[in-house]
Q: 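Have a look at this one before I ask anything.
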Amino acid sequence: MSVLAGNPPVALTIAGSDSGGGAGVQADLKTFAAHRAFGTSVITALTAQNTVGVRAISAVAPEFVAAQLEAVLDDLPVAAVKTGMLATPETVALVARFAPRLPNLVVDPVLVASSGDRLFTADAERAYLELLFPHAAVVTPNLREASVLLGRDVLDADDAVKAAADLAAYGPRCVVVKGGHLRGSAEAVDAVWFDGRTSLMTAPWIDTANNHGTGCTFAAATAANLAAGAELPVALAEAKTYVHAALSRSASWSLGAGHGPLGWGPF
Ligand SMILES: Nc1ncnc2c1ncn2[C@@H]1O[C@H](COP(=O)(O)OP(=O)(O)OP(=O)(O)O)[C@@H](O)[C@H]1O
Ligand SMILES: Cc1ncc(CO)c(N)n1
């Protein structure tokens with residue numbers, strides 16, 4: 001690991017900007033800071049977005065994404081990386097080409113915002129499976145993303161467990177199918193595949209509309225924990241606890257007319 005004595009661990013997010021500050025690069029950097037990691041960022045797209053929805057998207061040219069990656073990686077001792085919104089299959093391919101330089105790679109395959117707005121080129125999702133998943137320490141699709149990637153319904157915890165095992169066939173070391181959109185349960189249940197076994201990771205369900213950016217926060221917290229040297233199962237369990245704490249903290253806030261943000265801390 002490239003953490004030098006006295007220096008904070010360095011984490012990198014490769015993701016889209018959310019002008020509303022609740023998801024994307026903004027959520028990732030706040031999460032890194034709350035974990036005392038030094039956050040760096042490569043921006044793949046701008047979104048004009050708030051708590052209600054996504055109004056417009058402008059993807060960054062892959063050559064400029066590459067220039068940002070070179071600038072960060074040539075200079076800073078990045079110890080873990082999170083990918084969020086990559087916007088186009090060309091950027092997925094580009095990030096895959098950089099994979100040998102991206103340690104502890106957490107791939108959150110962002111395809112659709114919770115508001116329903118598309119954040120990735122339609123019908124190009126196979127780029128994730130074929131190009132990026134083989135390089136990932138962990139991939140973290142939500143139910144809908146798992147369903148799009150596998151081309152079948154992933155609706156409940158049983159489906160999520162099977163989906164995690166099937167997505168593992170594409171080569172990541174670990175798969176988490178996040179069940180944050182599974183309603184009607186007292187628990188927030190995620191299916192985890194690791195080392196050939198599937199298990200469920202649970203936390204008490206928090207009844208709140210302020211859930212914009214839960215997925216980004218979970219993946220960024222996992223990357224921050226890996227950057228600090230945690231083993232993968234511990235990094236995931238602590239990220240799950242952190243998301244629960246961040247959801248609890250903002251549960252009574254009313255920021256924005258839609259799905260408000262999380263309370264990242266400091267706690
Ligand atoms: N209301 C909640 N209470 C407790 N945990 C939750 C809640 N909502 C989501 N989670 C947890 O947050 C993590 C992120 O899951 P989720 O399925 O919401 O991701 P996502 O859909 O990618 O998020 P986003 O809305 O940012 O796109 C998971 O561990 C999930 O179980
Ligand atoms: C920029 C961005 N990345 C990810 C998500 C998913 O929550 C979002 N809504 N916006």
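First listed ligand is number 1; within each ligand, the first listed atom is number 1.
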Q: Find all atoms of ligand 1 within a distance of less than 4.0 Å from any non-hydrogen atom belonging to L247, and give their numbers and elements.
A: 2 (C), 3 (N), 4 (C), 5 (N), 6 (C), 7 (C)
Q: S114 heavy atoms, cut-off 4.0 Å: which ligand 1 atoms fall inside?
A: 24 (P), 25 (O), 27 (O)
Q: Tell me whether ligand 1 is touched by A239 - counting only heavy atoms on the residue side and a distance under 4.0 Å.
A: no
Q: Donor-acceptor pair, distance only, cut-off 3.5 Å: does the side chain of S147 make one with the backbone of L143?
A: no
Q: For A113, take its heavy atoms, then give the atoms of ligand 2 lying under 4.0 Å from any of them.
A: 9 (N)
Q: Under a 4.0 angstrom heavy-atom cut-off, which atoms of ligand 1 come close to P204?
A: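 In order of numbering, the contacting atoms are 4 (C).
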Q: I need the contact type for V243 against ligand 1. Using non-hydrogen atoms and a strict under-4.0 Å cut-off, is it side chain, backbone, both or neither?
A: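 Side chain only.
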Q: Would you check whether T208 reaches within less than 4.0 Å of ligand 1, judged by its heavy atoms?
A: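 For ligand 1, residue contact (heavy atoms, under 4.0 Å) with T208 is absent.
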Q: For F133 and Y170, take the angle between the two ring planes, folded into 0 to 90°, and tell me which bin it lands in: parallel under 30, tilted 30 to 60, perpendicular over 60.
A: perpendicular
Q: Could you measure the distance from the OG1 atom of T140 to the CG atom of D108? Nearest 0.5 Å is fine.
A: 3.5 Å
Q: Salt-bridged, D156 to K162, with N to O below 4.0 Å?
A: no
Q: Using the rule side chain to side chain contact (heavy atoms under 4.5 Å, CB included), only one of V92, L86, T88 pairs with T121; which is it?
A: T88
Q: Can you list the atoms of ligand 1 that are under 4.0 Å from a heavy atom of K240?
A: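 Checking each atom against K240, I get 29 (O), 30 (C), 31 (O).
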Q: Among all protein heavy atoms, pick out the one at the shortest distance from atom 4 (C) of ligand 2; state its residue, atom name and that distance to 0.1 Å.
A: C216 SG, 3.6 Å
Q: Under a 4.0 Å heavy-atom limit, does A23 contact ligand 1 with its side chain, its backbone, both, or neither?
A: neither
Q: Consider every N or O of H244 and every N or O of ligand 1, then say whether any pair is closer than 3.5 Å.
A: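 In fact, backbone or side chain, H244 has no N or O that close.
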Q: Say whether I206, considering both its backbone and side-chain N or O atoms, lies within less than 3.5 Å of an N or O atom on ligand 1.
A: yes
Q: Pull out every atom of ligand 1 sitting under 4.0 Å from any heavy atom of G213, numbered as shown with elements.
A: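 Within the 4.0 Å cut-off of G213, ligand 1 contributes 26 (O).
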Q: Distance check, rounded to the nearest 0.5 Å: W205 atom CH2 versus L247 atom CG?
A: 8.5 Å
Q: Do ligand 1 and D190 have nitrogen or oxygen atoms that lie under 3.5 Å from each other?
A: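 For ligand 1, there is an N or O atom that lies under 3.5 Å from one belonging to D190.
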Q: Between the main-chain N or O of T222 and the side-chain N or O of K82, is there a donor-acceptor pair closer than 3.5 Å?
A: no
Q: Assess whether atom CZ of R152 is packed by more than 12 heavy atoms of other residues, nucleotides or ligands within 6.0 Å.
A: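 Counting neighbours around CZ of R152, more than 12 heavy atoms of other residues, nucleotides or ligands fall under 6.0 Å, so yes.
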Q: From atom 15 (O) of ligand 1, work out which of K178, R144, E145 has a heavy atom at the shortest distance.
A: K178
Q: I'd like the name of whichever of T140, T214, V177 reaches closest to atom 16 (P) of ligand 1 through any heavy atom.
A: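 Of the listed residues, T214 has the closest heavy atom.
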Q: Closest non-hydrogen protein atom to atom 5 (C) of ligand 2, residue and atom name please, with distance?
A: L119 CD1, 3.7 Å
Q: For ligand 1, is any non-hydrogen atom under 4.0 Å from M201's backbone (N, CA, C, O), its side chain (CB onward), both, or neither?
A: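 For M201, there is no contact with ligand 1 at all, from either part.
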Q: Hey, looking at atom 10 (N) of ligand 2, which of H212, M85, Q49 has the closest heavy atom?
A: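 Of the listed residues, Q49 has the closest heavy atom.
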Q: Considering distance alone, does some N or O of H212 sit under 3.5 Å from an N or O of ligand 1?
A: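 So ligand 1 has no N or O lying under 3.5 Å from an N or O of H212.
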Q: Count the heavy atoms belonging to other residues, nucleotides or ligands that lie under 6.0 Å from CZ of F38, then report whether that count exceeds 12.
A: no
Q: With rounding to the nearest 0.5 Å, note down the distance linking OG1 in T83 to CD1 in I14.
A: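 These two atoms lie 6.5 Å from each other.
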Q: I need the L226 CG to H35 NE2 distance, nearest 0.5 Å.
A: 10.5 Å
Q: Compute the shortest N/O to N/O distance between G180 and ligand 1 and return yes if it is under 3.5 Å, no if not.
A: yes
Q: Would you call E125-R144 a salt bridge at under 4.0 Å N-O?
A: no
Q: Please check this pair: side chain of D117 against backbone of V54, looking for a donor-acceptor N/O pair closer than 3.5 Å.
A: yes
Q: Enumerate the atoms of ligand 1 whose separation from the nearest heavy atom of A188 is less than 4.0 angstrom.
A: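 This gives 4 (C), 5 (N), 6 (C), 31 (O) as the contact atoms.
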Q: For the atom pair OG1 (T217) and NE2 (H212), what is the distance rounded to the nearest 0.5 Å?
A: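 NE2 of H212 is found 9.5 Å from OG1 of T217.
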Q: Quick one: does F218's side chain get under 4.5 Å of K240's, heavy atoms only?
A: yes
Q: Using distance alone, determine whether G215 and ligand 1 share an N or O pair under 3.5 Å.
A: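 Yes - when backbone and side-chain N and O of G215 are compared with those of ligand 1, one distance drops under 3.5 Å.
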Q: Taking 4.0 angstrom as the limit and counting only heavy atoms of S17, give me the atoms of ligand 2 inside it, by number and element.
A: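 Near S17, meaning under 4.0 Å from one of its heavy atoms, ligand 2 has 1 (C).
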Q: Any nitrogen or oxygen of D108, main chain or side chain, under 3.5 Å from a nitrogen or oxygen of ligand 1?
A: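 Between D108 and ligand 1, no N or O pair is found under 3.5 Å apart.
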